[in-house]
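Report on the structure given below.
Computation of the quantities below employed the complete heavy-atom set of this structure, encompassing side-chain atoms and omitting hydrogens, waters and symmetry-equivalent molecules. Quick caveat, the model's predicted, so the values are computed rather than measured.
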Amino acid sequence: VEWNQEAAYMVAFLLYPERFTTEEVWALVFRIVIHAPDHLAAAAKLEGSKLYAKTFLEKYAIPTAVYQSFTELDPALEYVKNHPLPVVIKADGLAAGKGVVVARSSEQAQQAVQAMLQDKRFGKAGQTVVIEDFLSGEEASFIAVVSAEQIVPLVSSQDHKARDNG
């Protein structure tokens, strides 16, 4: 193995994955595994930032829950105190599958906001929170690999996990 910058980054990622942003990880995957240009890694922002994904959905008129984003504690607390329940509070960044709370009470919503913005439970991932309307029903992901000439649909999937059993 030739030790270049990509190889050094890959070893560092394997040892310390939490220190890398989603964009950095996907940049490595695209360069080393797929041999694709760096600009394709920008697509990883859709997975790595809930706020970026929400603004992307709005920009292209893709239906999504009504939301607000916050970086300051007091306005976020005021918003959840007056929001219909249930309400969904999300850490903007990746939080190991634990950064989303479906709050069924005002107290639970306030605790979630405080945990993210004040207590910094999710570190950088929780510096911004996205608070959105609760949408009932099933959710499914449909992913396709796309090039200029071809579209290859992958199998659809559903995420069924619930934090702390509920």
Quiz item: Shortest non-hydrogen contact from Gly126 to Leu117?
Solution: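 Of all heavy-atom pairs spanning Gly126 and Leu117, the closest is O-CD2, 3.5 Å.
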Quiz prompt | Heavy-atom pair with the smallest gap, counting every atom of Phe56 and Ile62 | solution =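 Looking at all heavy atoms of both residues, the shortest contact is CE2-CD1, 4.3 Å.
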Heavy-atom side-chain proximity of [X] to [Y] below 4.5 angstrom:
X: Phe70; Y: Met116; result: no
X: Asp92; Y: Tyr52; result: no
X: Arg104; Y: Leu85; result: no

What distance do [X] atom [atom1] and [Y] atom [atom2] have between them, rounded to the nearest 0.5 Å?
X: Gln118; Y: Asp74; atom1: CD; atom2: CG; value: 9.0 Å
X: Gln110; Y: Glu78; atom1: CD; atom2: CD; value: 9.0 Å
X: Ile89; Y: Phe134; atom1: CD1; atom2: CZ; value: 12.0 Å

Practice problem: Before giving the answer on side chain to side chain contact (heavy atoms under 4.5 Å, CB included), spell out for His83 and Asp133 the whole-Å C-alpha distance, their side-chain angles and the decisive distance to 0.1 Å. | Solution: CA-CA 8 Å; His83 196 282; Asp133 290 355; 2.8 Å; yes
Is there a chain of hydrophobic side chains (I, L, V, M, F, W, Y, each step under 4.5 Å between heavy atoms) that links [X] to [Y]?
X: Tyr67; Y: Val113; value: no
X: Leu73; Y: Ile131; value: yes
X: Leu77; Y: Tyr79; value: yes

Quiz item: Testing Gln68, Lys50, Lys54 for side chain to side chain donor-acceptor pair (under 3.5 Å) with Glu132, which one passes?
Solution: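 The residue from Gln68, Lys50, Lys54 that satisfies side chain to side chain donor-acceptor pair (under 3.5 Å) with Glu132 turns out to be Lys54.
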Quiz item: For Ile151, does the CD1 atom sit with more than 12 other heavy atoms under 6.0 Å from it, leaving out its own atoms?
Solution: no
